There are 2 protein chains.
Amino acid sequence: MALNKRPTIRDVAAEAGVSKSLVSLVFSSETGVSQERRDKVMAAAKKLGFTPNLWARSLSSGSGDFVALIVADLHNPLFTEIADFTRKALLERGINTYMAAAVISERNGRKTLEPSTVSSVLDLRPKSIMIVGGLPDYKALKNVPASVPVIMATGIATQLPKAITVRSDDNEGMRLVVKHLKSLGHNRIAYIGPRDEAVSILREAAYERAMLDAGLAKSIRVEECDRTEAGGYSAAKLLLSTKEKPTAIVSFNDIIAIGAQDAVDQNLEAGGKKVALTGYDNVYIAALSKVSLTSVEQEKEAIAHKAAELLADLDLAEEFKGQEILLLPRLAVRDSTTTASAK
Amino acid sequence: MALNKRPTIRDVAAEAGVSKSLVSLVFSSETGVSQERRDKVMAAAKKLGFTPNLWARSLSSGSGDFVALIVADLHNPLFTEIADFTRKALLERGINTYMAAAVISERNGRKTLEPSTVSSVLDLRPKSIMIVGGLPDYKALKNVPASVPVIMATGIATQLPKAITVRSDDNEGMRLVVKHLKSLGHNRIAYIGPRDEAVSILREAAYERAMLDAGLAKSIRVEECDRTEAGGYSAAKLLLSTKEKPTAIVSFNDIIAIGAQDAVDQNLEAGGKKVALTGYDNVYIAALSKVSLTSVEQEKEAIAHKAAELLADLDLAEEFKGQEILLLPRLAVRDSTTTASAK
DNA sequence: TTGTAAGCGTTATCAA
DNA sequence: TTGATAACGCTTACAA
């Protein structure tokens, strides 16, 4: 029933009256074919609407001429934005990208990465791989051939010693946050966030270090919560119900902060003082004027560009193998820390 | 350098001491192999860590055992949520999905679909295809073999006469919106939105029809804008600066409405009356308590389920070829229409 | 510069 | 129930 079968190299060869290897040559190399034949082949290809099958190509050649992008979570705008920037940067270099979403399934409460996601991408034989965000596990990526560089953007994979990590410096990010809050006169600064994987643990540690450095060690108060608005809400609610209410709350990310914002607002309505609040990631929701959340911008575009550079250049990637590339974040100051009263 | 080459059917065959066709049989059919050999093959496969290469498989067999999901825009939560629901529903039926993001590039101001996205997906030979959202053009999809059903979720593709459209009824959605606003006493109800493709044009028409049916024909006032917050803001600003200010503004979608919300708030602060505002899609941002936007829920989950049903069952899809499946939307009422004053 | 033939990892056909 | 052998769409020695 395949009425509309795509034409193959063979069809083109027949049409042009040449061998199929010659057609292949025309499409894979700039030189080595006489102009005359080249024109004939191109004409035939155009006539039939032929485009090479990318996958048959990479099956045959052992490696495809494209980069694979695996996005950990499509609902996290931080990830999709970085993925998009990377794709754009790669496209400018004339490199095709293939973007797939990681399939994460929840078996009895534990998240696991469906290995088929990764293995099907590997079967496509990309020349390099970028993973945006943290994955629940990295088993499936152990099978990546040594010749294929793996770039982690944002996430951390200690289990992949050869991977290159491109992320922004959380220590610096938290330093910015704490410094900003301290300069506003805050003295009791709490933290809320999850402790579910490398990034969250690192970021909490970064907060603690920043507090120490700022001489605010004693005011540390941490409340663990999950990565949802609801989680942020309850954690903040809890903190605000303690006797020693914090005057500011630092959140692991924007989603959590947005949940916490409700608790902060309720506290204000109940006659409490305005509690300052910060997020992290500077996702576009944080910038909405209704939300107006002070947040740490990880410089997504810079991360994407650095990643694209490595993905495009295998030699460069080889050089950076196993390293961590840290970029400097920047603070986006908004109403959640600067306005004295609720709107 | 391919140190970690994945084992192939041949390796397994050698290890198990059988022919490679037998290994293939074991992995592709439940029956037809003696239990003894089957066990031997499975043991060898497990030992070597073999999993079949999905793409070599579909290259050889002419069609892969998976469904392709093409998401028009990763930044639109409406789309990613529907895609995720669909994937989940398909996974429950034991069907693999492959999800790819459409690459839309902007050449001198005109958006076009990078045909490579679609043709690469087609080269993978999915057994059916779902497109979530509207694409700038459908040329690349003309090549889909007649045997492969195409399901459009949310979007409309008049250029694909064989495609099945699953979407919610915009006429009903707008009827709900207008009825709701009318019941609140609104008499001047304006509309803002783009007119860039089928869905937006249809929705605007649905609004006009709903207004007519409600006997509010004379109060129709439409302002065109692009699909961004900024677009919504300026359109609303414009409407509110006219002499006959609307008392309510209906937006094409939530993003636009969120932009319009700022204009509405400013109007209020400037001493104006509270203008009611509605969105469309009921994206999760609309539900944030800071935003609290009345919106039309398209029943994403129902759309996803219907789509999954069609994607999974080729015969059923054949039956519905070229048809449009309309689901009933529902109104999510929130503060943006019910609260008399700003918070 | 061009063609022939083998092979990428798999399935499918057909004998054995 | 099994195993050769020829595809699938392509690349790539190797020969011509």
Side-chain angles (χ1 to χ4, degrees), chain A residues 2 5-41 44-45 48-66 119-127 143 145 147, chain B residues 2 5-41 45 48-66 96 119-120 122-127 143 145:
Chain A
K5 232 167 81 51
R6 300 244 325 253
T8 75
I9 202 177
R10 249 178 283 267
D11 302 319
V12 177
E15 175 76 24
V18 299
S19 77
K20 70 190 172 80
S21 6
L22 200 56
V23 178
S24 167
L25 260 184
V26 169
F27 278 92
S28 52
S29 161
E30 300 288 287
T31 63
V33 181
S34 65
Q35 193 58 43
E36 185 201 359
R37 305 273 188 156
R38 181 176 292 272
D39 292 344
K40 245 202 275 191
V41 168
L48 300 179
F50 168 83
T51 40
N53 183 325
L54 206 63
W55 318 120
R57 180 177 272 186
S58 55
L59 174 61
S60 171
S61 72
S63 164
D65 191 25
F66 71 98
S119 61
S120 31
V121 170
L122 288 182
D123 283 344
L124 253 21
R125 303 179 187 275
K127 62 182 225 177
N143 294 322
S147 54
Chain B
K5 234 169 80 49
R6 300 244 327 251
T8 75
I9 202 176
R10 250 178 282 266
D11 302 319
V12 177
E15 175 76 25
V18 300
S19 75
K20 71 191 172 79
S21 347
L22 199 57
V23 177
S24 169
L25 258 184
V26 169
F27 278 92
S28 51
S29 159
E30 300 287 289
T31 62
V33 182
S34 65
Q35 193 58 43
E36 186 201 0
R37 306 272 190 155
R38 181 176 290 273
D39 292 345
K40 246 202 273 192
V41 167
L48 299 178
F50 168 82
T51 40
N53 183 325
L54 206 62
W55 317 121
R57 181 177 271 184
S58 54
L59 174 61
S60 174
S61 72
S63 162
D65 190 26
F66 71 97
N96 273 324
S119 61
S120 337
L122 289 181
D123 283 344
L124 255 18
R125 302 177 185 277
K127 62 182 229 178
N143 293 322

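Proteins come first, then strands; the chains are lettered A, B, ... in the order of their sequence lines, and each starts at number 1. This structure is a prediction, so every number in the text was calculated from the model and none was measured.
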Does the side chain of B/F50 reach to within under 4.5 Å of the side chain of B/P52, using non-hydrogen atoms? yes
Check every atom of D/dG3, C/dC8, D/dT11 against the side chain of B/L22 and return the nucleotide holding the closest atom. D/dG3
Nearest-Å distance for atom pair CG/C1', residues B/D39 and D/dT1: 15 Å
Report the distance from atom CD1 of B/I9 to atom P of C/dT10, rounded to the nearest whole Å. 5 Å
For a quick test of reading the model: is some side-chain N or O of B/S24 closer than 4.0 Å to OP1 or OP2 of C/dT11? yes
DNA chain D: 5'-proximal contact among B/S21 and A/L54 (nearest heavy atom): B/S21
Give the C-alpha distance, both sets of side-chain angles, the deciding distance and a yes or no for side-chain contact (heavy atoms from CB on, under 4.5 Å) between A/W55 and B/L124. CA-CA 7 Å; A/W55 318 120; B/L124 255 18; 3.0 Å; yes
When rounded to the nearest 0.5 angstrom, what is the spacing between OG1 in B/T31 and CZ in B/R38? 7.5 Å
Options C/dT2, D/dT11, D/dG9, nucleotide nearest the side-chain atoms of A/L25: C/dT2
Atom NZ in B/K40, atom CG in B/L22: separation rounded to 0.5 Å? 9.5 Å
Taking atom types as modelled and ignoring hydrogens, do the side chains of A/R6 and A/T51 form a donor-acceptor contact shorter than 3.5 angstrom? yes
Between A/R37 and C/dT1, is there a side-chain N or O to OP1/OP2 distance below 4.0 Å? no
Of the nucleotides C/dT11, D/dC10, D/dG3, which has the atom closest to the B/K20 side chain? C/dT11
A/D65 atom CG, neighbour heavy-atom count above 12 within 6.0 Å: no
For B/T8 and for A/S19, locate the closest nucleotide of DNA chain C by heavy-atom distance; then report the residue assigned to the nucleotide nearer the 5' terminus. A/S19
When you measure from the side chain of B/V33, which nucleotide among D/dT2, D/dT11, C/dT10 comes out closest? D/dT2
Is it the case that D/dT11 (base atoms only) and A/S61 (side chain only) share a donor and an acceptor within less than 3.5 Å, ignoring hydrogens and angles? no
Quantify the bending of the helix from C/dT1-D/dA16 to C/dA16-D/dT1 as the angle between its end axes, each fitted on five pairs, to 10°. 40°
Identify whether any heavy atom of B/V18 sits under 4.0 Å from a base atom; if not, whether one sits that close to sugar-phosphate; answer base, sugar-phosphate or nothing. sugar-phosphate
Tell me: CG of A/N53 to C1' of D/dG9, nearest whole Å? 6 Å
Nearest to the side chain of B/L59 - C/dG9, D/dA4, C/dT2? C/dG9
Sub-4.5 Å side-chain heavy-atom contact between A/N53 and A/R57: no
Among B/I9, B/V33, B/D11, the one residue meeting side chain to side chain contact (heavy atoms under 4.5 Å, CB included) with B/V23: B/I9
Euclidean distance, atom NZ of residue B/K40 to atom C1' of D/dT2 [Å, nearest integer]: 12 Å
D/dT12 P sits how many Å from A/F27 CZ, rounded? 16 Å
Regarding B/R10, tell me which of base, sugar-phosphate or nothing describes its non-hydrogen contacts under 4.0 Å with the strands shown. base
Can you measure A/F50 atom CZ to D/dG9 atom P for me and round it to whole angstrom units? 10 Å
For D/dC10 and A/R125 - does any side-chain N or O of the residue sit under 4.0 Å from the phosphate oxygens OP1/OP2? no
Heavy atoms only, 4.0 Å cut-off, all strands: where does A/R38 land among base, sugar-phosphate and nothing? nothing
Let me know the distance between CH2 of B/W55 and P of D/dC10, rounded to the nearest Å. 17 Å
Closest-nucleotide 5' rank along DNA chain D - winner of B/A56 and B/T31: B/T31
